[in-house]
Amino acid sequence: MRRVEALEILADATADLPVVVTCAATSRELAAVADRPNHLYLLDAMGLAGSVATGLALAVADAPVERVVAIEGDGSLLMNPNVLPTGGHLRPRKLLMVLLDNAVYGSTADLPTYAAGLDLGGVAAACGWAVRRADDPGTLRRAFAEARAADGPVLLHVRIAPGNAPDVPRLLEDPVVLGRRFRDWLAERA
Amino acid sequence: MTSPEPPAYAGAVARGLWDAGADLIGYVPSASVAPVIDALVAADGGARGSSARVFPLSREEEAMGVLGALPLAGGFGAVVMQDNGFGNALTALTTFNAAYHLPLLVVANTRGGLGEYNSMIHTFGQHVPGLLDRVGLRTFELDRRSGPEDWHAVVAEAGAHARMTFRPVVVLAHFWATDGRGA
Ligand SMILES: [Mg+2]
């Protein structure tokens, strides 16, 4: 399964949820699949998607928002692995992190990450996260529905193939506009 | 069990953080801010470093992400830390909090100045005000020359300033020669 295929499934499944997306190719591809105000694209804040989603999940703990979804990559999670022990400690019930793991730094020349030999789902489990797994479109649809129904913190560990989708336009919007658009969307629900 | 009264300056910082309008406060430990954390936790009905609204984090970078996200949900966060952690936090502070115009209050004790015992920590701490200024982050500094009531007022108003300017704002607290611990 390519990243963009996984993102098509995730976009379908998250139209009513706030989604924080890691930077570079993942944000660009998700925006190309569906550019919606419930998406918060982190254009350059490396490794921060899980932390931002953690803060949002705490902030909406008592609001009528079902889950806060982070879409993270393996290289990016390895850059800020604190997300896992912090989630295990704070236990944000609404936090659902989808890890798109291709075992390479997809936005930096496909150099390998540790994930080739390291089970990040296992690391999350050791930190106290509920872990679901998927590796093709069918299991991703099913596992996302399960993960959404489970109390967080939940990590949905998705194995994907390396490689970026061709001809995806750059995401050139002002981050202030992107943030405001997301905030306004969330304010109508929270 | 009743908590002992915090030192006056630490207590003033803690009251300032609540009066700044913080909904949640994350901290990265430091001996200088430990009495501030204790006062925050006690005021929030918690114990042993955590309460419903106060919690520890392992690194300053994640603190900027976790607490900095709150304005996206209509809230306001604060971070309590030590100034040498700004080295861990600058990319997050600039590419997330500042770039997305998200207000955040950061209160950091300073190291490496008067009263310091560690022979290397000034190599970073001395440059923190300049570094923060260079990346466009407003700082307000507090030291022994003003009393706890001033510290309280500055911390509280710094929160208002962060919201007014839609930016992270930093208060640098020099605890040397107060009733707190400078290093
Ligand atoms: Mg990757």
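So that the names make sense, note that chain A is the first sequence line, chain B the second, and so on, each numbered from 1.
For B:Thr94, no part sits under 4.5 Å from any heavy atom of chain A, backbone or side chain. When heavy atoms are compared at a cutoff of 4.5 Å, A:Leu56 approaches chain B by way of both its backbone and its side chain. For B:Leu72, the parts lying near chain A are the backbone and the side chain together; criterion is any non-hydrogen pair under 4.5 Å. A:Leu42 touches chain B through backbone and side chain together, each having a heavy atom under 4.5 Å away.
The shortest distance between side-chain heavy atoms of B:Ile25 and B:Leu17 falls below 4.5 Å. Counting heavy atoms from C-beta outward, B:Leu70 and B:Leu24 have side chains that approach closer than 4.5 Å.
Counting heavy-atom pairs under 4.5 Å between each of A:Leu90, A:Asp174, A:Val20 and chain B puts A:Leu90 at the top. Between chain A and the residues B:Ala99, B:Ala63, B:Gly68, the most heavy-atom pairs under 4.5 angstrom are made by B:Ala99. Chain B forms the most heavy-atom pairs under 4.5 Å with one residue out of A:Val60, A:Val83, A:Leu178, A:Leu43, and that residue is A:Leu43. With chain B as partner, the option from A:Ser51, A:Ala190, A:Ala187, A:Gly55 having the largest number of non-hydrogen pairs under 4.5 angstrom is A:Ser51. Highest contact tally toward chain B, considering only A:Pro85, A:Pro175, A:Gly179, A:Ala57, is held by A:Pro175 [criterion: heavy-atom pairs under 4.5 Å].
For A:Tyr41, the ring pair (Phe, Tyr, Trp, His ring centres under 6.0 Å) partners at least two apart in sequence or on another chain are A:His39. In this structure, A:Trp129 has no ring pair (Phe, Tyr, Trp, His ring centres under 6.0 Å) partners at least two apart in sequence or on a different chain.
With A:Asp16 as the fixed residue, the salt bridge (Lys or Arg N to Asp or Glu O under 4.0 Å) test singles out one of A:Arg148, A:Arg36, A:Arg189, A:Arg67: A:Arg148.
Aromatic pair B:Phe140/B:His161: ring centres closer than 6.0 Å.
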(request) Take A:Asp62 and A:Lys94, measure what salt bridge (Lys or Arg N to Asp or Glu O under 4.0 Å) needs, and give me the verdict at the end. (result) CA-CA 10 Å; A:Asp62 300 319; A:Lys94 296 184 175 179; over 6 Å; no
